[in-house]
Amino acid sequence: MTVEGRLRACVDRFAGESGYALSQALGPLLTDAELASMWLLERLIGLQQPRPQLPAGFADPVCQSLVMLDHQRVHLSLAIVSAEGWKAERTAQGGAPQIVGFADGWTTIRFLSAPSAKVQRHYLDQTLQDRRAFAESPRQVTTGEVICLDNAREALRFVGLAADVVMLRLLVRDPDAPQAVECDARTAAVLRVREAQSGDGRTRMMLSLLRSLGRKDALPAVAEALASWPPHLRWHGVREALATDSIAGFALLQGMAETDPDADLRALAHRTRDDLLTRYPQLAA
């Protein structure tokens with residue numbers, strides 16, 4: 001069995017686990033340095049073929065990576081961080097804010113080679129009304145070290161590189177995470193809050209455009225799709241439906257108040273329905 005086949009089998013074995021449990025179960029299995037060496041050897045053999053199948057990847061002046069696995073919620077990549085590119089980017093940015101991003105899922109990083117690399121771990125405090133990030137003191141990382149991150153509230157950034165860093169990165173996605181937050185590493189201030197899932201952001205924009213264009217004919221398709229959306233997107237869909245066609249939208253709100261699988265969303269829909277009926281009793285017709 002190929003390395004990719006072994007990795008897929010590992011992911012499938014724990015497919016029913018929660019995102020956090022899946023991350024904990026797969027971390028020791030998928031961040032094995034020997035596994036990466038075997039995977040690279042398979043790719044080198046493949047390069048000898050007349051039509052080599054090169055792996056997918058991502059490249060920028062700082063970080064270049066090869067995708068080892070992208071299966072279900074799991075993404076595993078082998079990455080090299082260029083010290084030269086990192087230094088050039090820092091110089092080019094000048095006094096611009098250093099961005100720290102808090103996104104969805106859980107990340108496990110194993111440093112395969114980390115000579116003279118310093119990192120800083122940042123934490124996002126979600127309990128504060130204005131949400132702010134806090135940071136530990138920078139520290140040296142060592143070859144073989146493993147760091148685990150809860151991406152919604154923990155982030156890691158390089159603050160010093162004297163030589164290139166090679167690492168394995170395992171990401172277990174959290175498709176239910178509604179928001180991602182970007183902070184200024186120096187001031188800890190929140191710079192931006194956005195949709196954690198890019199698909200959710202596009203869907204929200206589409207719904208708002210349909211409402212702006214007055215496309216009542218789109219509501220049956222929205223109603224059919226609601227069940228497959230996460231709670232925050234279902235709520236946005238019903239609100240946009242109410243603004244597009246009050247009668248049809250109210251029917252969706254009524255259904256949400258009675259049968260939505262999310263208890264908090266049912267309660268919110270119930271309160272909103274009762275409030276609307278008080279002000280607009282004709283909606284009950």
request  = Would you kindly confirm whether V238 and I247 end up in one hydrophobic cluster when ILVMFWY residues are joined by side chain heavy atoms under 4.5 Å apart?
outcome  = yes

inquiry  = Tell me whether R73 at atom CZ has more than 12 heavy atoms from other residues, nucleotides or ligands lying less than 6.0 Å away.
reply    = yes

request  = Kindly write out the residues that satisfy salt bridge (Lys or Arg N to Asp or Glu O under 4.0 Å) with E145, not counting sequence neighbours, or none if the list is empty.
outcome  = R139

message = What verdict does the side chain to side chain contact (heavy atoms under 4.5 Å, CB included) test give for L41 and V3, after you've listed the backbone C-alpha separation in whole Å, the side-chain angles of each residue and the deciding distance to 0.1 Å?
response = CA-CA 10 Å; L41 179 60; V3 171; over 6 Å; no

note = Heavy-atom closest pair (D260 atom, R266 atom, distance to 0.1 Å) is O-NH1, 2.7 Å

inquiry  = D264: which residues meet the side chain to side chain donor-acceptor pair (under 3.5 Å) condition with it, sequence neighbours left out?
reply    = none

L265 reachable from L253 in the ILVMFWY side-chain graph, under 4.5 Å edges = yes

key: Euclidean distance, R110 CZ relative to L35 CG, rounded to 0.5 Å   = 10.5 Å

message = Keeping Q64 on the side-chain end and V81 on the backbone end, is there a donor-acceptor pair under 3.5 Å?
response = no

request  = Determine whether T203 and L233 make a side-chain contact, defined as any pair of heavy atoms from C-beta on separated by less than 4.5 Å.
outcome  = yes

request  = Can you see which heavy atom on P261 is nearest to which on R234, and at what distance?
outcome  = CG-NH2, 4.0 Å

task = Output yes when a side-chain donor or acceptor of T244 lies under 3.5 Å from a complementary backbone atom of K216, and no otherwise.
result = no

task = Any chance you could measure L168, atom CG, to T108, atom OG1, to the nearest 0.5 Å?
result = 10.5 Å

ask   = Given side chains that start at C-beta, do those of V100 and D184 come closer than 4.5 Å, heavy atoms only?
value = no

T142 vs F111 side-chain heavy atoms within contact, under 4.5 Å = no

Inter-residue atom distance Q254.CD - F250.CZ, 0.5 Å rounding = 5.5 Å

message = In the structure I gave you, are the side-chain heavy atoms of V159 and V119 within less than 4.5 Å of one another anywhere?
response = no

inquiry  = Is it the case that the side chains of Q120 and S137 hold a donor-acceptor pair, with the cut-off being a distance below 3.5 Å and no angle test?
reply    = no

inquiry  = Testing the basics here: between A243 and R211, what is the closest heavy-atom pair and its distance to 0.1 Å?
reply    = CB-CG, 3.7 Å

request  = State whether R173 and D104 are salt-bridged, where the test is any N-O pair (Lys NZ or Arg NE/NH1/NH2 against Asp/Glu carboxylate O) under 4.0 Å.
outcome  = no

ask   = Is it true that a side-chain atom of S23 and a backbone atom of G19 form a donor plus acceptor pair closer than 3.5 Å?
value = no

key: Q140 and S116: CA distance, side-chain angles, deciding distance, side chain to side chain contact (heavy atoms under 4.5 Å, CB included) verdict   = CA-CA 7 Å; Q140 189 97 18; S116 303; 4.1 Å; yes

ask   = Got a second to check how far L78's CG is from S37's OG, nearest 0.5 Å?
value = 9.0 Å

inquiry  = Around atom CD of E136, are there more than 12 heavy atoms from other residues, nucleotides or ligands closer than 6.0 Å?
reply    = yes

query = Can you check whether M256's main-chain N or O pairs, donor with acceptor, with T259's side chain at less than 3.5 Å?
reply = no

R279 bridged to D274 by N-O distance under 4.0 Å = no

inquiry  = Run the side-chain hydrogen bond (donor to acceptor under 3.5 Å, both in side chains) test on H236 and R239 for me, step by step, so that the C-alpha distance in whole Å, both residues' side-chain angles and the decisive distance to 0.1 Å come before the verdict.
reply    = CA-CA 5 Å; H236 183 78; R239 290 178 62 191; 5.4 Å; no

remark   = In terms of heavy-atom contacts, D164 and P115 come closest through O-CD, 3.7 Å

message = Quick check: is L171 connected to L149 through a chain of hydrophobic side chains (ILVMFWY, heavy atoms under 4.5 Å apart)?
response = no

L76 reachable from L40 in the ILVMFWY side-chain graph, under 4.5 Å edges = yes

query = Is L69 linked to V146 within one hydrophobic cluster, defined over Ile, Leu, Val, Met, Phe, Trp and Tyr using a side-chain heavy-atom separation of less than 4.5 Å?
reply = no

query = Hey, does M38 have a side-chain heavy atom less than 4.5 Å from the side chain of T2?
reply = no

query = Looking only at heavy atoms, what is the nearest atom pair of F102 and A152, with distance?
reply = CB-O, 3.7 Å

query = So, do H122 and R157 sit near enough that their side-chain heavy atoms are less than 4.5 Å apart?
reply = yes

Steps toward side chain to side chain contact (heavy atoms under 4.5 Å, CB included) verdict (L7, H71) = CA-CA 9 Å; L7 294 174; H71 180 52; over 6 Å; no

request  = May I have the step-by-step check of side chain to side chain contact (heavy atoms under 4.5 Å, CB included) for M68 and S77, ending in yes or no?
outcome  = CA-CA 5 Å; M68 295 176 63; S77 62; 5.8 Å; no

task = Specify the closest pair of heavy atoms between A36 and L112, including all atoms of both residues, with the distance to one decimal.
result = CB-CD1, 4.3 Å

Rounded distance [0.5 Å steps], CZ in R121 versus OH in Y123 = 4.5 Å

key: Check: S246 side chain, L242 main-chain N or O, donor-acceptor pair, under 3.5 Å   = no

remark   = Rounding to 0.5 Å, atoms CG (L277) and CD (Q282) come to a distance of 9.5 Å

key: Student check: side-chain heavy atoms of W106 and Q24 closer than 4.5 Å   = no

query = With a 4.5 Å limit on heavy-atom distance, are the side chains of S65 and R169 in contact?
reply = yes

